J.: 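Encoded as structure tokens, here's the structure I'll be asking about.
This one's a predicted model, so the numbers in the text were calculated from it and none came from an experiment.
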Amino acid sequence: MELLRATSTISWTANLASPFLHIIPQPPTPKNQMAISITGATGFIGRRLVQRLLADNHSVRVLTRSSSKAQLIFPVKEFPRITIAEEPEWKNCIQGSDAVVNLAGMPISTRWSSEIKKEIKQSRIKTTSKVVDLINNSRDDVRPRVLVSATAIGYYGTSDTQVFDERSPSGNDYLSEVCREWEAKALEVNKEVRLVLIRIGVVLGKDGGALAKMIPLFMMFAGGPLGTGKQWFSWIHLDDLVNLIYEALSNPSYKGIINGTAPNPVRLTEMCEQLGEVMGRPSWLPVPDFALKAVLGEGATIVLDGQKVLPVKAKELGFSFRYPYVKDALRAIMSSKKQGLSLGK
């Protein structure tokens, strides 16, 4: 979709005294570039995706519930080409976008209570429903052509023995239920819109995600495995996931369910051994279940229970993983963390 007109987005910003209305012009998008609206752009995955898209001169529209939070993460001086819009302005951004990426959802790696579990589900379903409705209610000439919507490998349930791919049935636990309802909302999108559902594994990166939760426990207990260590750990490097999303935006062959996991899942024991080697620490004293549950509560199930998930569809599509092996992924992440510390970041 080549945008031949200029649109504008209205968003609220605030100064020290009072809020004021800020009109952000949206210039036409050059022919070879895309205008992409993103929910969850301020999150761990979203921040890196925005950087990747801007590096290739695409136009990014951040759909947020808090413009003040988004402006802290994407200050206008450093990100002059980003449009930030709160919910009343999402419609203006989505209409005329070439694609929408839906990443919004409350993090699951936290202590679960009945209220938190409700919010984990509703935060995903409500946002996906809103995005789909806005796409479906757009005129044909301004409707996005592509929706890339996140989901999770929690869809498959857990197992020490089964191997899951995109054709595998759903599990019967809480996270499986969340993923089924999450995906069902995305599937309601207009049939003229190419839909890609990426079932994301445990994302490894230097600025957050699973490693941020695991490393303190790992250090405290001398680097042993979490729980039994026999559970499968289906992971993906943040850069590979972002590249997969990027490819899904631009490549018409990408459609339907795609597992966002590296091609070589590992037992958690191996994951911890590799992390210990990269960190230069021993890996011998296991992190007991109670320690992880003390940090994450019921949310510890995402680590203590596992599943072996393979990216069959991505490999069939010819996607090239930069980090197919966890040792290389961890080495790259930890070296970048050390470099960041040495530079005072």
Side-chain angles (χ1 to χ4, degrees), residues 1-2 29-41 43-63 81 94 97-105 128 131 135 143-153 155 164-167 182-183 186-187 189 192-205 209 234-265 309-326 328-329 332-333:
M1 182 190 302
E2 183 177 357
T29 305
K31 185 174 182 179
N32 294 326
Q33 294 161 9
M34 293 182 286
I36 301 159
S37 292
I38 306 175
T39 70
F44 176 51
I45 300 167
R47 294 194 304 269
R48 186 72 187 90
L49 176 62
V50 168
Q51 293 169 353
R52 175 78 169 83
L53 291 168
L54 291 177
D56 282 354
N57 295 314
H58 297 295
S59 171
V60 174
R61 302 165 182 182
V62 172
L63 309 185
R81 291 182 290 116
I94 285 177
S97 288
D98 297 284
V100 179
V101 179
N102 178 36
L103 299 173
T128 303
V131 166
I135 292 173
R143 182 181 296 125
R145 297 174 303 179
V146 183
L147 171 61
V148 179
S149 197
T151 172
I153 61 172
Y155 175 90
F164 302 102
D165 63 25
E166 289 86 354
R167 298 165 298 180
W182 193 6
E183 293 181 12
L187 288 165
V189 76
E192 297 299 313
V193 176
R194 179 167 59 85
L195 174 64
V196 185
L197 288 165
I198 300 183
R199 290 179 180 154
I200 300 172
V202 181
V203 184
L204 303 181
S234 294
W235 60 279
I236 187 169
H237 190 286
L238 176 61
D239 287 349
D240 277 332
L241 176 59
V242 165
N243 288 338
L244 185 65
I245 295 170
Y246 190 99
E247 192 70 19
L249 287 169
S250 56
N251 189 331
S253 298
Y254 284 62
K255 58 184 68 174
I257 303 296
I258 300 176
N259 286 335
T261 58
N264 297 290
V309 179
L310 300 179
V312 171
K313 186 78 174 287
K315 294 183 75 174
E316 288 175 350
L317 289 164
F319 181 78
S320 178
F321 288 88
R322 185 177 179 186
Y323 300 103
Y325 298 101
V326 74
D328 295 332
I333 292 164

J.: Mind checking the CZ-CG spacing from R322 to D239? Nearest 0.5 Å is all I need.
T.: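 One gets 6.0 Å once the value is rounded to the nearest 0.5 Å.
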
J.: Can you check whether I200 reaches T151 side chain to side chain, under 4.5 Å on heavy atoms?
T.: no

J.: Does the side chain to side chain contact (heavy atoms under 4.5 Å, CB included) test come out yes or no for L54 and V60, once each step is laid out?
T.: CA-CA 7 Å; L54 291 177; V60 174; 3.9 Å; yes

J.: Do you know the tightest heavy-atom contact between A186 and T128?
T.: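 Minimum heavy-atom contact is N-CG2, 3.6 Å.
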
J.: Does a side-chain N-to-carboxylate-O contact under 4.0 Å join R199 and E183?
T.: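 Salt bridge: yes.
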
J.: Minimum heavy-atom separation for P311 to A262, with atom names?
T.: CD-O, 3.6 Å

J.: Out of curiosity, L317 CG to Y254 OH, how far, rounded to the nearest 0.5 Å?
T.: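 Answer rounded to 0.5 Å: 5.0 Å.
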
J.: Cut-off 3.5 Å, side chains only: do S59 and R81 have a donor facing an acceptor?
T.: no

J.: What about the rings of F319 and F321, do their centers lie closer together than 6.0 Å?
T.: yes

J.: Using a 3.5 Å distance criterion without hydrogens, assess whether the side chain of D240 forms a donor-acceptor pair with backbone atoms of Y323.
T.: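 Yes, because the side chain of D240 sits within donor-acceptor range (under 3.5 Å) of the backbone of Y323.
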
J.: Using side-chain heavy atoms (C-beta onward) and a distance below 4.5 Å, is L310 in contact with P265?
T.: yes

J.: Once you round to the nearest 0.5 Å, how far does CD1 of I153 lie from CZ of F164?
T.: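 I153 atom CD1 to F164 atom CZ measures 9.5 Å (nearest 0.5 Å).
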
J.: Less than 4.5 Å apart, side chain to side chain, heavy atoms only: is that true for H237 and I333?
T.: yes

J.: Do any N or O atoms from the side chain of D165 and from the backbone of R167 form a donor-acceptor pair under 3.5 angstrom?
T.: yes

J.: Which pair of heavy atoms, one from S149 and one from N102, lies closest together, and at what distance?
T.: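 So the two residues come closest at OG-ND2, 3.0 Å.
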
J.: List the atom of P324, the atom of W235, and the distance in Å for their closest heavy-atom pair.
T.: O-CZ2, 3.6 Å

J.: Which distance, rounded to the nearest 0.5 Å, do you find between the CZ of R194 and the OG of S253?
T.: 8.5 Å

J.: Has R52 got a side-chain atom pairing as donor or acceptor with R47's backbone, closer than 3.5 angstrom?
T.: no

J.: Should I45 and L241 be marked as a side chain to side chain contact (heavy atoms under 4.5 Å, CB included) after you check the CA-CA gap, both sets of side-chain angles, and the distance that decides it?
T.: CA-CA 8 Å; I45 300 167; L241 176 59; 3.6 Å; yes

J.: Tell me, with the steps shown, if V202 and I236 meet side chain to side chain contact (heavy atoms under 4.5 Å, CB included).
T.: CA-CA 6 Å; V202 181; I236 187 169; over 6 Å; no

J.: Given side chains that start at C-beta, do those of L195 and L187 come closer than 4.5 Å, heavy atoms only?
T.: yes

J.: For a 4.5 angstrom cut-off between non-hydrogen side-chain atoms, does Y246 reach H58?
T.: yes

J.: Calculate, to the nearest 0.5 Å, the distance between atoms OG and CG belonging to S97 and L147 respectively.
T.: 11.5 Å

J.: Does any non-hydrogen side-chain atom of V326 lie less than 4.5 Å from one of N264?
T.: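 The answer is no; the side chains never approach within 4.5 Å.
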
J.: Any side-chain heavy atom of R143 within less than 4.5 Å of one from V193?
T.: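 Touching, per the 4.5 Å side-chain cut-off.
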
J.: Is a side-chain N or O of E166 found less than 3.5 angstrom from the main chain of K313, in a donor-acceptor match?
T.: yes

J.: Side chain to side chain contact (heavy atoms under 4.5 Å, CB included), that's the test. Do I245 and L103 meet it? Break it down for me.
T.: CA-CA 11 Å; I245 295 170; L103 299 173; 4.2 Å; yes

J.: Would you mind telling me which of N57, L49, V50 makes a side chain to side chain contact (heavy atoms under 4.5 Å, CB included) with L53?
T.: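 Single pass found, and it is L49.
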
J.: Could you check whether any side-chain heavy atom of I36 comes within less than 4.5 Å of a side-chain heavy atom of L249, counting everything from C-beta outward?
T.: yes

J.: Between atom CG of L197 and atom NZ of K255, what is the distance when rounded to the nearest 0.5 Å?
T.: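 Separation between the atoms: 13.5 Å.
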
J.: Search all heavy atoms of L244 against all heavy atoms of G260 and return the closest pair with its distance.
T.: CD2-CA, 3.8 Å

